[in-house]
Amino acid sequence: MSHKIAVLVSGRGSNLQSIIDATRDGRLDATIAIVISNREDAAALNRAKDAGIETACVPPSRLPDRDSCDRAMVDLLRSRDVGLVCLAGYMQPVRRPMLEAFPDRILNIHPSLLPAFPGLHAQQQALEHGVKVAGATVHVVTAKIDAGPILAQACVPVLPGDTVDTLSARILVEEHRIYPETIARVLLKRTSA
Ligand code: GRF
């Protein structure tokens, strides 16, 4: 049975692409029913369109408040019968309407070994602290940012001379591997539950 999932994005969309690729080559038994962005200029929207996936944009500036924004997303997701929501570079806090509509069914990928370095500029924070190992984490989204239960992690070394760009690129390779893998595992668990 192919599950219906949604991906929420704000920017470049390389993680979205890794999920699209995994649905296409059989690693992930899921259909991306819709890709939603909070930004009209997100390059990720073009990746979705190129793949023939429905897109929608819910810019907070067009709505009275942030909760209305999340309510509009819930309506879209429910009408497409989405069972799992995957944040992929979605740079906006998830509010109560979404958390209540999809309890334990919203995932996120973060470019650090949580609980270290939550929030913005995780790779820069890692370099500033001089850590020798960095990485990526897939976790369940809760009301506290980047603090929900951890589902998967992957490590990369921090090398002498690393910049934010070189470290981010090394972490991104692991993000693209563990995110589709973890989504597949979560969906499989749901099927067998
Ligand atoms: C990734 O590093 C992801 O972990 C973080 O934002 C970045 C998004 O990149 N949440 P992309 O839009 O998936 O290319």
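Each ligand, and each atom within it, is numbered from 1 in the order the structure gives.
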**Study point:** Between S18 and D21: side-chain donor-acceptor atoms closer than 3.5 Å
**Key:**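 No donor-acceptor contact under 3.5 Å links the two side chains.
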
Check your understanding: Do other residues, nucleotides or ligands put more than 12 heavy atoms under 6.0 Å from the CZ atom of R96?
Key ->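 No, the 6.0 Å shell around CZ holds no more than 12 heavy atoms from other groups.
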
Practice item. Tell me which part of M91 gets within contact of ligand 1: side chain, backbone, both or neither, using heavy atoms under 4.0 Å. Key: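 Neither; nothing of M91 gets under 4.0 Å from ligand 1.
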
**Study point:** L16 N/O to ligand 1 N/O under 3.5 Å
**Key:**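 For ligand 1, there is no N or O atom that lies under 3.5 Å from one belonging to L16.
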
Review point. Are I5 and L187 side-chain neighbours, meaning at least one heavy-atom pair lies under 4.5 Å?
Key: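 Sidechains of L187 and I5: in contact.
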
Point to revise | Any N/O pair N15/ligand 1 closer than 3.5 Å | key: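 Yes; at least one N/O pair falls below 3.5 Å.
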
Check your understanding: Atom CZ in R47, atom OG1 in T55: separation rounded to 0.5 Å?
Key ->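 Taking CZ in R47 and OG1 in T55, the distance rounds to 14.5 Å.
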
Review point. Should R12 be counted as touching ligand 1, given the test is an N or O pair under 3.5 Å?
Key: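 N/O-N/O distance under 3.5 Å: yes.
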
Practice item. Would you check if there is a donor-acceptor pair between the side chains of R66 and Q92 at a distance under 3.5 Å? Key: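 There is such a pair between these side chains.
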
Check your understanding: To which protein heavy atom is atom 12 (O) of ligand 1 closest, and what is the distance rounded to 0.1 Å?
Key ->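 Answer, as residue, atom name and distance: G13 N, 2.8 Å.
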
Practice item. Mark yes or no for whether Q153, through its side chain, and S112, through its backbone, hold a donor-acceptor pair below 3.5 Å. Key: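 It does not hold such a pair.
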
Practice item. Going by heavy-atom distance to atom 6 (O) of ligand 1, choose the closest among A42, A136, G89. Key: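 When every heavy atom of A42, A136, G89 is considered, G89 comes closest to atom 6 (O) of ligand 1.
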
Review point. Nearest to atom 5 (C) of ligand 1, what protein heavy atom do you find, and at what distance?
Key: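 The closest heavy atom on the protein side is P111 CD, 3.9 Å.
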
**Study point:** For atom 10 (N) of ligand 1, closest protein heavy-atom neighbour
**Key:**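 Going by distance alone, atom 10 (N) of ligand 1 is nearest to I109 O, 3.2 Å.
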
Practice item. Side-chain contact test, heavy atoms from C-beta onward, threshold under 4.5 Å: evaluate it for L8 versus M98 and give yes or no. Key: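 Side chain of L8 against side chain of M98, heavy atoms only: contact under 4.5 Å found.
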
Exercise for review: Specify the protein heavy atom at minimum distance from atom 4 (O) of ligand 1: its residue, its atom name, and the distance to 0.1 Å.
Suggested key: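 Here the closest protein heavy atom is E175 OE1, 2.7 Å.
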
